[in-house]
Amino acid sequence: MTHPNSDDLLQWYDINAREMPWRTPPAEKQAGVKPDPYRVWMSEIMLQQTTVATVRDYFIKFTKRWPTVDDLAAAEDADVMAYWAGLGYYARARNLLKCARAVSQLGAFPQTYDELIKLPGIGPYTAAAVSSIAFDEPSPVMDGNVERVMARLFDIHTPLPAAKPELYAKTAELTPRARAGDYAQAVMDLGATICTPKNPACGICPWWTPCLARQNGTAAELPKKTPKKPKPTRHGIAYVVHSDTGALLLETRPEKGLLGGMLGWPTSDWCDEPSAAPPLDVKWTKVNAQTLHTFTHFNLRLDVMVATVEGVPMVSGRHWVEKHAFQPSALPTVMRKVWDIARKA
DNA sequence: AATACGTGGGG
DNA sequence: TCCCCAAGTAT
């Protein structure tokens with residue numbers, strides 16, 4: 001019974017590594033070019049709970065706009081949030097900026113897991129990924145892909161998240177001292193392309209031989225997971241008001257909580273039976289369409305109310321944005337949906 | 001420890 | 001249609 005070998009996976013990775021904008025191309029790597037820690041870090045933050053396909057364009061946009069960590073550190077908060085709009089998990093954008101400013105202050109990125117994990121937005125996964133990929137520290141990297149691969153490799157049936165310590169032990173055991181960063185990316189690539197959640201392609205897997213789940217025919221049912229709770233549906237009202245000068249009334253949402261720090265329309269609270277909370281005492285018209293949106297832990301149905309006012313009266317906590325300066329792309333997706341409905345009304 | 005936190009794509 | 005899930009972190 002052969003034991004899984006990191007070299008077998010690295011050999012596969014050297015041939016099959018997917019090209020990504022944050023990876024050093026093989027030719028340059030061979031010439032000794034080291035990855036840019038800023039780009040590695042940026043990619044890892046964006047890749048948290050987000051697919052490579054979605055991240056690619058955002059990464060290119062961000063690094064073009066802010067080529068270095070010092071550039072990003074000097075950016076306006078609202079500018080960064082607008083660039084992040086649509087990518088989700090907006091606390092990442094707020095922490096991205098905090099982290100950039102901390103690193104800029106330090107003068108350079110810390111190079112070790114222990115130092116990196118102290119920075120905002122960097123947890124166990126990201127600290128391990130950056131220290132290994134950018135700085136060759138052999139930190140075991142465990143994300144959802146690695147968990148799945150380990151659960152199958154060792155045929156572990158303990159459900160997640162209880163299985164994490166056990167899976168981490170296997171991850172650490174398999175992580176090589178040399179090329180730990182490449183190895184981590186190799187396991188993640190394997191999980192994304194071959195050892196997939198559904199229909200794993202065991203027939204072309206470089207770890208076909210040692211994989212216990214493959215031997216036992218249990219690969220497709222692993223990893224086990226504890227059942228999740230049902231999603232409630234909440235209701236709310238969004239208010240889109242035009243000034244007769246062409247301006248729109250918007251708000252920057254509070255730092256904490258859902259869509260924190262993002263631009264959005266004034267809304268009621270979101271609950272079973274929302275109480276009307278229009279931002280202005282004018283004649284509102286209910287649009288004959290609703291916004292449906294699914295968040296991580298609840299569904300949302302928003303009614304959309306529209307109105308027109310004369311001039312641009314001051315409204316506490318809200319601000320008017322001139323039409324020429326208004327960019328729907330700066331809104332989180334749910335707010336973009338509201339705009340799509342309101343503009344047609 | 002358990003919950004909050006987005007979004008888009010695939011089966 | 002609906003459910004799953006994707007390179008997790010903060011509290």
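All values below were derived from every heavy atom in this structure, side-chain atoms included, with hydrogens, water molecules and symmetry-related copies excluded. Not measured: the values here are computed from a predicted model. First the proteins, then the strands, lettered A, B, ... as listed; each starts at 1.
Position along DNA chain B of the nearest nucleotide to A/Q48 versus A/N199 favours A/Q48 as the more 5'-ward residue. Mapping A/K225 and A/P120 onto DNA chain C by nearest heavy atom places A/K225 at the nucleotide closer to the 5' end. If A/I117 and A/D143 are placed on DNA chain C by their nearest nucleotide, the residue sitting closer to the 5' end is A/D143.
Nearest nucleotide to the A/Y125 side chain, out of B/dT7, C/dA6, C/dT9: C/dT9. Nearest to the side chain of A/H297, among C/dT9, B/dA4, B/dG8, sits B/dA4. Candidate nucleotides B/dT3, B/dG6, C/dT9 were compared by shortest atom distance to the side chain of A/Y89, and B/dG6 ranks first. Distance from the side chain of A/K198 is smallest for C/dC4 among the nucleotides C/dT9, C/dA6, C/dC4. Of the candidates B/dT7, C/dA6, B/dT3, the closest approach to any side-chain atom of A/K229 belongs to B/dT3. Candidate nucleotides C/dG8, B/dT7, C/dA10 were compared by shortest atom distance to the side chain of A/N95, and C/dA10 ranks first. Taking the side chain of A/H293 as heavy atoms from C-beta on, and the options C/dC4, C/dG8, B/dT7, the nearest nucleotide is B/dT7. For A/Q49, taking side-chain heavy atoms from C-beta onward, the closest of the listed nucleotides C/dA6, C/dC4, B/dT7 is C/dA6.
Note on A/T54: every side-chain N or O is 4.0 Å or more away from OP1 and OP2 of B/dG8. For A/K256, no side-chain nitrogen or oxygen approaches OP1 or OP2 of B/dA4 to under 4.0 Å. Dashed line: the shortest gap from a side-chain N or O of A/R92 to OP1 or OP2 of C/dA10 is not under 4.0 Å. Applying the 4.0 Å criterion to OP1 and OP2 of B/dG6, one finds that A/T294 has every side-chain N and O outside that range.
Rounded to a whole Å, the CZ atom of A/R336 is 10 Å from the C1' atom of B/dT7. Rounded to whole Å, atom C1' of B/dT7 lies 14 Å from atom CG of A/L47. Following rounding to the nearest Å, A/Y83 (OH) and B/dG6 (C1') show an atom-to-atom distance of 21 Å. Rounded to whole angstrom, the span from the CG atom of A/L160 across to the C1' atom of C/dC5 amounts to 13 Å. Atom CD in A/E44 sits about 11 Å away from atom C1' in C/dG8, given to the nearest Å. Rounded to whole Å, atom C1' of B/dA4 lies 11 Å from atom CZ of A/R94. One interatomic measurement links the two molecules: CZ of A/F295 to C1' of B/dT3, which rounds to 16 Å at whole-angstrom precision. Atom CG of A/L190 and atom P of C/dA6 are 13 Å apart (whole Å).
With a 6.0 Å cutoff to the six-membered ring centre and a 45° limit on the axis angle, A/K231 does not count as a cation-pi contact of A/F298.
When only modelled atom types and interatomic distance are considered, A/T63 and A/W66 share no side-chain donor-acceptor pair under 3.5 Å.
Distance noted for atom P between B/dG8 and C/dT9: 22 Å (whole Å).
Nucleic acid contact for A/V141: none, since no nucleic acid atom lies under 4.0 Å from a heavy atom of the residue. Among the atoms of the strands shown, only primed sugar atoms or phosphate atoms (P, OP1, OP2) are found under 4.0 Å from some heavy atom of A/I122. A/P161 comes within contact range of no nucleotide atom at all, as no heavy-atom separation falls under 4.0 Å. Within the nucleic acid shown, A/R56 has no heavy atom closer than 4.0 Å to any nucleic acid atom. Residue A/M20 is classed as a base contact, given a heavy-atom separation below 4.0 Å to a base. A/G191 comes within contact range of no nucleotide atom at all, as no heavy-atom separation falls under 4.0 Å. Within the nucleic acid shown, A/G257 comes within 4.0 Å of sugar-phosphate atoms alone, with no base atom in reach, counting heavy atoms only.
The existence of a salt bridge linking A/R39 and A/D36 is excluded, since no basic side-chain nitrogen approaches an acidic carboxylate oxygen closer than 4.0 Å. Ion pairing of A/D14 with A/R179 is present here, as a side-chain N (NZ or NE/NH1/NH2) and a carboxylate O approach within less than 4.0 Å.
Contact annotation: side chain of A/T296 to base of B/dG6, donor-acceptor pair present below 3.5 Å. The base of B/dG6 lies close enough to the side chain of A/T50 for a donor and an acceptor atom to sit less than 3.5 Å apart.
Ring planes of A/F154 and A/H3: tilted class, angle from 30 to 60°. Taking the six-membered ring where tryptophan is involved, the planes of A/F295 and A/H293 are perpendicular, since the angle between them exceeds 60° and thus also 30°.
Between the side chain of A/D244 and the main chain of A/G311, a donor-acceptor pair closer than 3.5 Å is present.
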